[in-house]
Amino acid sequence: QVQLVESGGGNVQAGGSLRLFCAASGSIFSKAGMGWYRQAPGKQRELVAVITSGGTTNYADSVKGRFTISRDNAKHTVSLQMASLKPEDTAVYYCNQRIGPYDYWGQGTQVTVSS
């Protein structure tokens, strides 16, 4: 079975930086699309960034120019480098893996940005 484990969350001041990591197991990682989503209390889960098996990236307008997604196929990991953080970035961040019609999710990691 696919397992996704996130790490790297924490508390930061506005304007600071943080890097999230996701380790994947139980699948052919190099063939999968990977992404980061986030969900704040009372809000719907929203896409933050995705990276295809070929390395093509896409970002939500709210994070363009501030966040960078990358993957390491040899290590079966995906990361999200976050810079110039804002209070509105506060949320639980989830790692996502897409294989054909199936989506798999990690347990999430909390990111809190203080003003």
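Not measured: the values here are computed from a predicted model.
Residues V113 and E88 fail the side-chain proximity criterion, which asks for heavy atoms closer than 4.5 Å. N96 is listed as a side-chain neighbour of D103, based on a closest heavy-atom distance under 4.5 Å. For the pair N11/S114, no side-chain contact is recorded, criterion being any heavy-atom separation below 4.5 Å from C-beta on. In this structure the side chain of V50 never reaches within 4.5 angstrom of the side chain of Y59, judged on heavy atoms. Put simply, the side chain of S30 reaches to within 4.5 Å of the side chain of I28, judged on heavy atoms. Taking the side chain as every heavy atom from C-beta outward, T52 and N58 never approach each other to under 4.5 Å.
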Give every donor-acceptor pair under 3.5 Å between a side-chain atom in residues 32-43 and any protein atom, sequence neighbours left out.
{"residue": "R38", "atom": "NE", "partner": "E46", "partner atom": "OE2", "Å": "2.8"}
{"residue": "R38", "atom": "NH1", "partner": "D89", "partner atom": "OD1", "Å": "3.0"}
{"residue": "R38", "atom": "NH1", "partner": "Y93", "partner atom": "OH", "Å": "2.9"}
{"residue": "R38", "atom": "NH2", "partner": "E46", "partner atom": "OE2", "Å": "3.3"}
{"residue": "Q39", "atom": "NE2", "partner": "K43", "partner atom": "O", "Å": "3.1"}

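S25 pairs by the side-chain contact (heavy atoms from CB on, under 4.5 Å) definition with Q3, not counting sequence neighbours. In this view, Q81 satisfies the side chain to side chain donor-acceptor pair (under 3.5 Å) rule with no residue, not counting sequence neighbours.
Considering CG of D72 and OG1 of T77, their distance stands at 4.5 Å, rounded to 0.5 Å. Between the CD atom in Q13 and the OG atom in S115 there is a gap of 8.5 Å [rounded to 0.5 Å]. Once rounded to the nearest 0.5 Å, the distance linking CZ of R66 with OG1 of T68 reads 11.0 Å. Note that CZ of R19 and OG of S7 are 11.0 Å apart. Values are rounded to the nearest 0.5 Å.
Between A14 and P87, the shortest heavy-atom contact is CB-CD, 4.2 Å.
When the side chains of ILVMFWY residues are joined at heavy-atom separations under 4.5 Å, either directly or via intervening members, V63 and V12 end up in a single hydrophobic cluster. Hydrophobic clustering, with ILVMFWY side chains joined whenever heavy atoms are under 4.5 angstrom apart, keeps W105 apart from V2. Under the 4.5 Å side-chain heavy-atom criterion for ILVMFWY residues, no single connected hydrophobic cluster contains both Y94 and L20.
The backbone N or O of G9 sits less than 3.5 Å from a side-chain atom of T109, completing a donor-acceptor pair. Side-chain N or O atoms of E6 include one that pairs as donor or acceptor with a backbone N or O of Q107 at under 3.5 Å.
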Note to self: Checking C95 against V78 for the side-chain contact (heavy atoms from CB on, under 4.5 Å) test, could you report, in this order, the C-alpha distance in whole Å, the side-chain angles of both residues, the deciding distance, and whether it holds?
What the structure shows: CA-CA 8 Å; C95 181; V78 61; 3.9 Å; yes

Check: Taking it one step at a time, do F29 and R71 satisfy side-chain contact (heavy atoms from CB on, under 4.5 Å)?
Finding: CA-CA 10 Å; F29 182 85; R71 65 191 295 161; 3.5 Å; yes

Check: Are I51 and T56 close enough, and set up right, to give a side-chain contact (heavy atoms from CB on, under 4.5 Å), and what steps lead you there?
Finding: CA-CA 5 Å; I51 183 166; T56 300; over 6 Å; no

Next item on the list: In sequence, state the C-alpha distance, the side-chain angles, and the governing distance for S27 and Q97, and then conclude on side-chain contact (heavy atoms from CB on, under 4.5 Å).
Entry: CA-CA 10 Å; S27 68; Q97 184 177 73; 3.0 Å; yes

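Note that R98 lies outside the cation-pi zone of Y104, set by a 6.0 Å cut-off to the ring centre and a 45° limit from the axis.
If you check the side chains of T90 and T112, you find no donor sitting under 3.5 Å from an acceptor.
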